[in-house]
Amino acid sequence: MAAFAAMFPLVTSCNDTRKGDTLTVISYNIRNSKAQDGENAWDERKEATAEMLGKVNPDIFGVQEAYPNQISFITESCPRYISFGVGREDGLEKGEHMSIFYNSEALEMLDGGTYWLSETPDEPSKGWDAACRRTATWALMKDRDSQRKFYFVNTHLDHKGVEARRNGLALIVERIAAMNSEGYPMVLTGDFNVTPSDQALTDLNVMMKSARETASVTDDRPSFNGFDLYEPSIIDYIYYSGFADCTEFKVLTDQYAGKTFISDHYPVVSTLVY
């Protein structure tokens, strides 16, 4: 499996408060920086991302659609975060990254890699009826305080290919089962491009729990806002297994840095208890 880590130990800092035996997780489709979005283009809203991360202070988060300049901006703005991921086009830098970011003061990465959602998952490739190459990035993490280990997987399913979404998620489910023989807690984040009732989620719902559906305090707001140009929908997810509890799930619709939209998706955040 291809693997690539980028570290940018620069100057500013995000909030460093942690709450005991909990893990704060975000899934965030950042909207790629090459999109021609006018007043909602990346350069116009990137400070909103930095402000959101500083306020929410996730321990770990997965982004979708990120280009290298967006990854660099995050790690420069909040230098305690280390990013891990590869470009989906070549397994190096080219194309969108489904990167995992983690607070290096709170967590240590032990292992990780990337595979493609296709019939040839260990090489850059496009699967089934997909419009684009799609990947899943995974990491084995260790909490520095508790020494607990957990797996984290981040993905972005295809926006057009029905077979690609179903088979891609089936591949992720298969690989999650195979990789976790130790029975560690597991987190899966992503933009799945399906609503909660879609049959593509059937097997995943057997293996893992949706934070939105099971959190003690939850949120029914859509995660996709489309910059108010498209119908809003619920397509962004945090799934988990092996944790004792999920205390909160929230769609982050607040304004950050004075911007109405942080992206065409709102980040979703969840608090998991070991």
If we only count heavy atoms from C-beta on, is the [X] to [Y] side-chain gap below 4.5 Å?
| X | Y | answer |
| --- | --- | --- |
| Ser216 | Asp245 | yes |
| Tyr274 | Thr22 | no |
| Tyr81 | Glu76 | no |
| Phe84 | Ser99 | no |
| Ile74 | Leu53 | yes |
| Arg31 | Ile262 | no |
| Met52 | Pro267 | yes |
| Phe150 | Leu107 | yes |

Whether the side chain of [X] engages the backbone of [Y] through a donor-acceptor N/O pair (distance < 3.5 Å, no angle test) should be reported.
| X | Y | result |
| --- | --- | --- |
| Thr75 | Ser72 | yes |
| Asp219 | Phe249 | no |
| Glu65 | Asn32 | yes |
| Thr24 | Asp59 | no |
| Ser233 | Ile235 | no |
| Thr218 | Arg212 | yes |
| Thr155 | Thr135 | yes |
| Asp90 | Glu93 | yes |
| Trp116 | Arg88 | yes |

Qualifying residues under ring-ring contact (aromatic ring centres under 6.0 Å, His included), relative to [X], sequence neighbours excluded:
| X | result |
| --- | --- |
| Tyr67 | none |
| Tyr240 | none |
| Trp128 | none |
| Tyr151 | none |

Within the 3.5 Å criterion, strictly below it, is a donor on [X] or [Y] matched to an acceptor on the partner's side chain?
| X | Y | answer |
| --- | --- | --- |
| Thr137 | Asn154 | no |
| Ser125 | Thr120 | yes |
| Asn29 | Tyr266 | no |
| Asp236 | Ser27 | no |
| Tyr230 | Asn225 | no |

Closest non-hydrogen atom pair between [X] and [Y], with its separation:
| X | Y | value |
| --- | --- | --- |
| Arg144 | Ser104 | NE-O, 2.7 Å |
| Ala211 | Ser270 | CB-OG, 3.4 Å |
| Glu44 | Glu39 | CB-O, 3.3 Å |
| Asn69 | Ser33 | OD1-OG, 3.0 Å |
| His159 | Ala131 | CE1-CB, 3.7 Å |
| Phe101 | Ser83 | CE2-CB, 3.4 Å |

Straight-line distance of [X] [atom1] to [Y] [atom2], nearest 0.5 Å:
| X | Y | atom1 | atom2 | answer |
| --- | --- | --- | --- | --- |
| Lys34 | Glu96 | NZ | CD | 9.0 Å |
| Ser241 | Ile176 | OG | CD1 | 7.5 Å |
| Leu272 | Asp21 | CG | CG | 12.5 Å |

* Does Tyr28 have its ring centroid less than 6.0 Å away from the ring centroid of Phe61? ->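 Not under 6.0 Å, so no.
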* **Ring centres under 6.0 angstrom apart (Trp138, Tyr115)** => no
* To do: Evaluate the criterion side-chain contact (heavy atoms from CB on, under 4.5 Å) for residue pair Arg80 and Tyr102; output intermediate values, then yes/no.
  => CA-CA 8 Å; Arg80 292 181 302 116; Tyr102 62 95; over 6 Å; no
Per-pair distances, 0.1 Å, donor-acceptor, side chain in residues 178-185, under 3.5 Å, sequence neighbours excluded:
| residue | atom | partner | partner atom | Å |
| --- | --- | --- | --- | --- |
| Asn180 | OD1 | Gly183 | N | 3.3 |
| Asn180 | OD1 | Tyr184 | N | 2.8 |
| Asn180 | ND2 | Tyr184 | O | 2.7 |

* Between Glu51 and Lys55, is there a salt bridge with N-O shorter than 4.0 Å? ->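 Yes.
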State which residues pass salt bridge (Lys or Arg N to Asp or Glu O under 4.0 Å) with [X]; sequence neighbours excluded, sorted by chain then number.
| X | answer |
| --- | --- |
| Lys149 | none |
| Asp191 | none |
| Arg45 | none |

* **Of all pairs that satisfy side-chain hydrogen bond (donor to acceptor under 3.5 Å, both in side chains), the ones with a partner from residues 248-260, not counting sequence neighbours** =>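 Listed by first then second residue: Arg221-Thr253.
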* Asked: Under the side-chain contact (heavy atoms from CB on, under 4.5 Å) criterion, do Ile26 and Val268 qualify, and how do the steps go?
  -> CA-CA 6 Å; Ile26 283 177; Val268 295; over 6 Å; no
* **Verdict with reasoning, Val217 to Thr247, per side-chain contact (heavy atoms from CB on, under 4.5 Å)** => CA-CA 6 Å; Val217 177; Thr247 58; over 6 Å; no
* Only pairs at least two apart or in different chains count here, so list each salt bridge (Lys or Arg N to Asp or Glu O under 4.0 Å) that has a residue in residues 123-141. =>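 Every salt bridge (Lys or Arg N to Asp or Glu O under 4.0 Å) pair that includes a residue of residues 123-141, provided the two are not neighbours, is Arg134-Asp158.
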* To do: Find out if a path of hydrophobic residues (ILVMFWY) with successive side-chain heavy-atom gaps under 4.5 Å connects Val162 to Tyr237.
  =>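 As far as the 4.5 Å side-chain criterion goes, Tyr237 and Val162 are not connected within one cluster.
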Please report, to 0.1 Å, the donor-acceptor pairs under 3.5 Å made by any side chain of residues 192-204, with sequence neighbours excluded.
| residue | atom | partner | partner atom | Å |
| --- | --- | --- | --- | --- |
| Asn193 | ND2 | Leu157 | O | 2.8 |
| Asp198 | OD1 | Ala200 | N | 2.8 |
| Thr202 | OG1 | Gln199 | O | 2.9 |

* Residues two or more places apart in sequence or in another chain: which of them pass side chain to side chain contact (heavy atoms under 4.5 Å, CB included) with Ala66? -> Ile30, Val63, Gln70, Ile71
* To do: Give the intermediate values and the outcome of side-chain contact (heavy atoms from CB on, under 4.5 Å) for residues Val187 and Val153.
  => CA-CA 6 Å; Val187 182; Val153 183; over 6 Å; no
